[in-house]
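See below for the structure under consideration.
Protein chains get the first letters and strands the later ones, always in sequence-line order, with residue 1 at the start of each. Hydrogens, waters and symmetry mates are skipped; everything else that's a heavy atom, side chains included, is used.
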Number of protein chains: 2
Amino acid sequence: MFEKKTYICNIFYYSMISGKFAITIHILTLLTKFPNDYLSSEFIAGSINLNPVLVRKEIANLKAHQIVESKEGKNGGTKLAVNAVNLSLKEIFEMTFESINLGYAKNQPNPECPVGKKINQNLAGLYADMNKQLSVQLEGISLEDFSNQF
Amino acid sequence: MFEKKTYICNIFYYSMISGKFAITIHILTLLTKFPNDYLSSEFIAGSINLNPVLVRKEIANLKAHQIVESKEGKNGGTKLAVNAVNLSLKEIFEMTFESINLGYAKNQPNPECPVGKKINQNLAGLYADMNKQLSVQLEGISLEDFSNQF
DNA sequence: CAAAACTGTAACATTTTTTATTACTAATTA
DNA sequence: TAATTAGTAATAAAAAATGTTACAGTTTTG
């Protein structure tokens, strides 16, 4: 246990989940449905209802992970470079998020308080455990499985 | 399978996780460490390094769930209203987030596209499965367990 | 070869969400 | 009665997420 006393402090930050996973899986589902076509960013954007530039940005990420290949120029577009059977949601998850977490203390918590001093470390440990479990679960679902729901 | 054709559409949105869980568990950990004291929002804010008004807002949420009780006026503050042994991280999670999710298509996806039409529904199913598993995991960790790490 | 249809990106604008602040009322204690 | 504290609303500021415009570079097709 420790003493109760008054503390005062200041600033710093992290960030959180966005819509990348949803966008990416939407793109990949479309590509899975048309495995032989190069789909244009505009076509994909039309299904997601999103600006084509944002679609291209997510595609750039997929390319970097060698999940898709794309062709420039007229009749260009993007297609899967892997078999949907062999790509799990875990991998998609990891490509778009680093991990699940429920947030950290963002303003540097008080280092003179035993709780403030260790809170982020302990949260990190908790989140690591959560991610471990989640990974196992997502590993069991392939892109193919997900796509077959449509 | 379905046809490849061009789509165009428009707007709508959701939201996502923030730092509520981290703040709330920080508050609860402090309250667990001082089970017999009424801690002021300013004291708590000093440990988290957060504006006291925001602390009071999270406390309002905890009060609504009858996890803490508070006393107004001089020497007032907040203390636990339950035993930390009997409060699981699952309950804290549910009080601060509704659930984990990795985002939805926010702009109304194209209802004429088979993928656009069902994407949010299928994502919701996936997220529900993820939450189910996560809940079991978090249910096994009590506030007491978490607090004992400090 | 020229026009059209794409990708790839950068730069910037806009919107939305999150976080912080100020201010004030009401309650309680000393 | 003065001091301290919760409760809360209103507003401001900051940060993050999205969206837009613009344009260079590729590839195909006529």
Side-chain angles (χ1 to χ4, degrees), chain A residues 6 8-24 26-27 31 37-46 48-64 68-79 96-97 102-109, chain B residues 6 8-24 26-27 31 37-46 48-64 68-79 96-97 102-109:
Chain A
T6 304
I8 314 187
C9 275
N10 257 350
I11 313 264
F12 223 78
Y13 235 112
Y14 293 76
S15 167
M16 200 69 254
I17 299 178
S18 75
K20 286 169 82 72
F21 177 81
I23 293 170
T24 296
H26 194 142
I27 293 170
L31 296 179
D37 294 316
Y38 282 91
L39 303 185
S40 74
S41 61
E42 190 158 354
F43 171 76
I44 295 170
I48 305 180
N49 185 19
L50 193 71
N51 192 294
V53 173
L54 300 181
V55 171
R56 295 203 286 267
K57 278 183 184 167
E58 292 313 316
I59 285 174
N61 183 37
L62 289 168
K63 281 186 68 176
V68 303
E69 56 186 73
S70 52
K71 211 171 63 174
E72 296 189 14
K74 190 166 179 180
N75 297 332
T78 302
K79 71 192 278 290
T96 54
F97 296 81
L102 308 180
Y104 290 95
K106 54 182 192 185
N107 301 343
Q108 176 69 253
Chain B
T6 304
I8 313 186
C9 274
N10 257 348
I11 313 265
F12 223 79
Y13 235 111
Y14 294 75
S15 167
M16 201 71 255
I17 300 178
S18 74
K20 286 171 81 73
F21 178 83
I23 293 170
T24 296
H26 195 142
I27 293 170
L31 297 178
D37 292 317
Y38 282 90
L39 302 185
S40 75
S41 60
E42 189 157 357
F43 171 76
I44 295 170
I48 305 181
N49 185 18
L50 193 71
N51 193 294
V53 173
L54 300 180
V55 171
R56 295 202 286 268
K57 278 183 183 165
E58 292 313 315
I59 285 174
N61 183 38
L62 289 168
K63 281 187 68 176
V68 303
E69 57 186 72
S70 53
K71 211 171 64 174
E72 294 188 15
K74 191 167 178 177
N75 297 332
T78 301
K79 72 193 276 290
T96 54
F97 296 82
L102 308 180
Y104 289 96
K106 53 183 193 184
N107 302 341
Q108 177 68 252

Quiz item: Between B:Asn107 and D:dG19, is there a side-chain N or O to OP1/OP2 distance below 4.0 Å?
Solution: yes
Practice problem: With DNA chain D as reference, determine whether B:Gly77 or A:Leu54 sits nearer its 5' end, using the nearest nucleotide of each. | Solution: B:Gly77
Quiz item: Mind checking what makes side chain to side chain donor-acceptor pair (under 3.5 Å) contact with A:Lys57, not counting sequence neighbours?
Solution: none
Quiz prompt | Integer-rounded Å distance: C:dC6 P and A:Phe43 CZ | solution = 12 Å
Quiz item: Would you say C:dA5 has OP1 or OP2 under 4.0 Å from some side-chain N or O of A:Asn75?
Solution: no
Name the pairs: protein N/O against N/O of nucleotides 7-9 of chain D, kept only if under 3.5 Å.
{"unit_1": "D:dG7", "atom_1": "OP1", "unit_2": "B:Lys63", "atom_2": "NZ", "d": "2.5"}
{"unit_1": "D:dG7", "atom_1": "OP1", "unit_2": "B:Ser70", "atom_2": "OG", "d": "3.0"}
{"unit_1": "D:dG7", "atom_1": "N7", "unit_2": "B:Arg56", "atom_2": "NE", "d": "2.9"}
{"unit_1": "D:dG7", "atom_1": "O6", "unit_2": "B:Arg56", "atom_2": "NH2", "d": "3.3"}
{"unit_1": "D:dT8", "atom_1": "O4", "unit_2": "B:Arg56", "atom_2": "NH2", "d": "3.3"}

Quiz item: How close or far is atom P of C:dA5 from atom CD of A:Glu42, stated in whole angstroms?
Solution: 10 Å
Practice problem: Mind calculating the distance between CG (B:Asn51) and P (D:dT11) to the nearest angstrom? | Solution: 18 Å
Exercise. Name all residues meeting the side chain to side chain donor-acceptor pair (under 3.5 Å) criterion together with A:Lys79; count only those two or more places apart in sequence or in a different chain, and write none if there are none.
Key: none
Self-check item: Residue list, side chain to side chain contact (heavy atoms under 4.5 Å, CB included) with A:Asn51, at least two apart or on another chain
Solution: A:Val53, A:Leu54
Practice problem: May I have the distance from A:Ile44 (atom CD1) to C:dG8 (atom P), rounded to whole angstrom? | Solution: 11 Å
Practice problem: Looking only at side-chain atoms of A:Ser41, point me to the closest of D:dT4, C:dT19, C:dT7. | Solution: C:dT7
Quiz item: In Å and rounded to the nearest 0.5 Å, what is the CG to NZ distance from A:Asn61 to A:Lys20?
Solution: 5.0 Å
Quiz item: Where each residue is assigned the nucleotide of DNA chain D containing its nearest heavy atom, which of A:Gly73 and A:Ile23 is assigned the position nearer the 5′ end?
Solution: A:Ile23
Self-check item: Spacing of B:Tyr104 atom OH relative to D:dA17 atom P, expressed in whole Å
Solution: 18 Å
Self-check item: Nearest-Å distance for atom pair CZ/P, residues B:Phe21 and C:dT18
Solution: 17 Å
Practice problem: Between C:dT7, C:dT21, C:dA5, spot the one nearest the side chain of A:Lys74, thanks. | Solution: C:dA5
Quiz item: Which whole-number value in Å describes the distance from A:Asn61 CG to C:dT7 P?
Solution: 17 Å
Quiz item: With sequence neighbours left out, what residues match A:Thr78 under side chain to side chain donor-acceptor pair (under 3.5 Å)?
Solution: none
Quiz item: Any side-chain heavy atom of B:Asn107 sitting closer than 4.5 Å to one from A:Ile48?
Solution: no
Exercise. Could you tell me the separation between the CD atom of A:Glu58 and the P atom of D:dG19, rounded to a whole number of Å?
Key: 11 Å
Self-check item: Residues in side chain to side chain donor-acceptor pair (under 3.5 Å) contact with B:Glu69, at least two apart in sequence or another chain
Solution: B:Tyr38
